[in-house]
Chemist: 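The structure follows.
Worth saying up front: this structure is predicted, and the values here are computed from it rather than measured. In what follows, chains are A, B, ... by sequence order, proteins preceding strands, each numbered from 1. Any value given below was found using the heavy atoms of this structure, including those in side chains, with hydrogens, waters and symmetry copies removed.
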2 protein chains.
Amino acid sequence: MTTVATHPGLTIAEAAAASGLSVHTLRYYERDGLMLDPVDRAPSGHRRYTEGDLGWIALVNRLRATGMPVREVRAYADLVRAGDGNEAQRLELLRAHHERVLVEMESVRAHLVAIERKIDVYEGRAASCVEP
Amino acid sequence: MTTVATHPGLTIAEAAAASGLSVHTLRYYERDGLMLDPVDRAPSGHRRYTEGDLGWIALVNRLRATGMPVREVRAYADLVRAGDGNEAQRLELLRAHHERVLVEMESVRAHLVAIERKIDVYEGRAASCVEP
DNA sequence: GCTTGACCTCGAGTGCGCTCGAGGTCGGAG
DNA sequence: CTCCGACCTCGAGCGCACTCGAGGTCAAGC
């Protein structure tokens, strides 16, 4: 069952369009160890992104979008790359991140409520308390 | 009714403790035009923060905590400093920020749900779909 | 055979938001 | 009078996450 030359894969421009990242950022992520493996290359040396690459990038995007630092995404990628046996560590990393995001969201929500009150003041829907 | 030498005001260290910012950051904010006015000084030249200053800093903290860029906080401070007549602009700025924060929170929430699903996979509470 | 354009590498540059350090002043305690 | 600690200014430095540019390769189309 030698799967020879299935799909050629996406060019970096296509991968950029698909992921919402810039080609610069895609190369940067790879350089910086955020990808699981170096991306495949065409004989020309051009990158060819697989569906698996895109799936991984989507996860990286989710982690980044929720504020995980690049270095921590790299740590996660390192764990996955290391293969089986560290699932507990991966889980711990994700759970810690999850918890931090929840705390941060609650903080933002609370601050936002205070800002809403100030908006109400400007709209004349409430009495100003002290400051402008 | 000449209010002579009421309270002396807080030192920068006290203001830092009260606001949660560092003394460096307090000076930086002032330098950068985020304060409504230059902070009062003792005869020694040392800063003396009033209750009003602290209230304003609290607002700045709320704006920053919800992700408003420093330059936009400055723009808001500029408006307030300019005095009456631009309430509509201030309101618009706050509302635009409010809207952005809501959109961002929703995005984070959605990404977080996807991450939760991945956590479930690691906990064996769900079947893995495709990627690690 | 030449041009064009998409890609490559490597290293430097950018914008943001602080953060730090050197060198100096000031006021009160000993 | 001296020392100390808290403060001052000014300018540089830092960490992060990209972002850009110079200089080069390669393959396809004219």
Chemist: What I want to find out is whether Glu30(A) reaches Arg27(A) closely enough, with some N-O distance under 4.0 Å, to be called a salt bridge.
Modeler: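 The answer is no: the pair does not qualify as a salt bridge.
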
Chemist: Could you state the CD1-P distance from Ile12(B) to dC7(D), rounded to the nearest angstrom?
Modeler: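 Answer to the nearest Å: 7 Å.
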
Chemist: Taking any heavy-atom pair under 4.0 Å as a contact, classify Pro69(A): base, sugar-phosphate, or nothing.
Modeler: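 Since only primed, P, OP1 and OP2 atoms lie under 4.0 Å of Pro69(A), the category is sugar-phosphate.
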
Chemist: The side chain of Tyr28(A) lies closest to which of these nucleotides: dC18(C), dC8(C), dA17(D)?
Modeler: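 For the Tyr28(A) side chain, the nearest candidate turns out to be dA17(D).
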
Chemist: Using a heavy-atom cut-off of under 4.0 Å over every strand shown, decide if Arg47(B) touches base, sugar-phosphate, or nothing.
Modeler: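 Contact class for Arg47(B): sugar-phosphate only.
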
Chemist: The helix from dG1(C)-dC30(D) to dG30(C)-dC1(D): angle between its terminal axes, five pairs each, to 10°?
Modeler: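 The helix from dG1(C)-dC30(D) to dG30(C)-dC1(D) shows an end-to-end axis angle of 20°.
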
Chemist: For Tyr29(A) and dA17(D), give me the distance from atom OH to atom C1', rounded to whole Å.
Modeler: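 Rounded to the whole Å, the gap is 8 Å.
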
Chemist: Decide, yes or no, whether a salt bridge links Arg100(B) with Glu72(B) under the criterion of side-chain N to carboxylate O below 4.0 Å.
Modeler: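 Judged by the 4.0 Å cut-off on N to carboxylate O distance, Arg100(B) and Glu72(B) do form a salt bridge.
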
Chemist: Between Arg74(A) and Asp32(A), is the closest basic N to carboxylate O distance under 4.0 Å?
Modeler: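 Here Asp32(A) pairs with Arg74(A) in a salt bridge, since their nearest N and O are under 4.0 Å apart.
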
Chemist: What is the nucleic acid contact for Ala13(B), judged by heavy atoms within less than 4.0 Å: base, sugar-phosphate only, or nothing?
Modeler: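 Sugar-phosphate contact only.
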
Chemist: Between Arg41(A) and Arg47(A), is any pair of side-chain heavy atoms under 4.5 Å apart?
Modeler: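 Contact flag for Arg41(A)/Arg47(A) side chains = yes.
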
Chemist: Write down the distance between NE2 (His24(B)) and C1' (dC8(D)), rounded to a whole number of angstrom.
Modeler: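 Atom-to-atom, His24(B) to dC8(D), this comes out as 12 Å.
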
Chemist: What is the separation between atom CD on Glu30(B) and atom C1' on dT9(D), rounded to the nearest whole Å?
Modeler: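 To the nearest whole Å, that distance equals 12 Å.
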
Chemist: Report yes if the side chains of Met68(A) and Arg62(A) come closer than 4.5 Å at any heavy-atom pair, otherwise no.
Modeler: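 Side chain of Met68(A) against side chain of Arg62(A), heavy atoms only: no contact under 4.5 Å found.
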
Chemist: Does the distance from a Lys or Arg side-chain N to an Asp or Glu carboxylate O, for Arg81(B) and Asp78(B), drop under 4.0 Å?
Modeler: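 Yes, Arg81(B) and Asp78(B) are salt-bridged.
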
Chemist: Of Ser22(A) and Ser44(A), whose closest DNA chain D nucleotide lies nearer the 5' terminus?
Modeler: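 Closer to the 5' end of DNA chain D: Ser22(A).
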
Chemist: For the residue pair Tyr76(A) and Tyr122(B), does the interplanar ring angle fall in the parallel (under 30°), tilted (30 to 60°) or perpendicular (over 60°) class?
Modeler: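 Rings of Tyr76(A) and Tyr122(B): perpendicular, as their planes differ by over 60°.
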
Chemist: Between atom CZ in Arg27(B) and atom P in dG17(C), what is the gap in whole Å?
Modeler: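 The distance from CZ of Arg27(B) to P of dG17(C) comes to 20 Å, rounded to the nearest Å.
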
Chemist: What is the distance, to the nearest angstrom, from the CG atom on Leu10(B) to the C1' atom on dA6(D)?
Modeler: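 Roughly 15 Å, once rounded to whole Å.
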
Chemist: Grab the NE2-C1' distance between His46(B) and dC7(D) for me, whole Å please.
Modeler: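 These atoms are roughly 3 Å apart.
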
Chemist: Could you please name the option among dA17(D), dC18(C), dC8(C) that lies closest to any side-chain atom of Val70(B)?
Modeler: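 Nearest to the side chain of Val70(B) among the choices is dC18(C).
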
Chemist: Quick check: closest heavy atoms across Ala18(A) and Leu54(A), and the distance to 0.1 Å?
Modeler: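 Result for this residue pair: CB-CD1, 4.2 Å.
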
Chemist: Just how far, in rounded Å, is C1' of dT19(C) from CG of Leu26(B)?
Modeler: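 Those two atoms, CG and C1', are 13 Å apart.
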
Chemist: Take Glu14(A) and Arg31(B), find for each the nucleotide of DNA chain C with the closest heavy atom, and name the residue whose nucleotide sits nearer the 5' end.
Modeler: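 Checking each residue's closest nucleotide, the 5'-ward one belongs to Glu14(A).
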
Chemist: Does Arg41(B) place a side-chain N or O at less than 4.0 Å from the phosphate oxygens OP1/OP2 of dC7(D)?
Modeler: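 No, Arg41(B) has no side-chain N/O under 4.0 Å of OP1/OP2 on dC7(D).
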
Chemist: Where the side chain of Arg71(A) is concerned, which of dC7(D), dC16(C), dC16(D) is the nearest nucleotide?
Modeler: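 Nucleotide nearest to Arg71(A)'s side chain: dC16(D).
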
Chemist: Nearest to the Thr25(A) side chain among dC18(C), dA6(D), dC18(D), which nucleotide is it?
Modeler: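 Nearest nucleotide to the side chain: dC18(D).
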
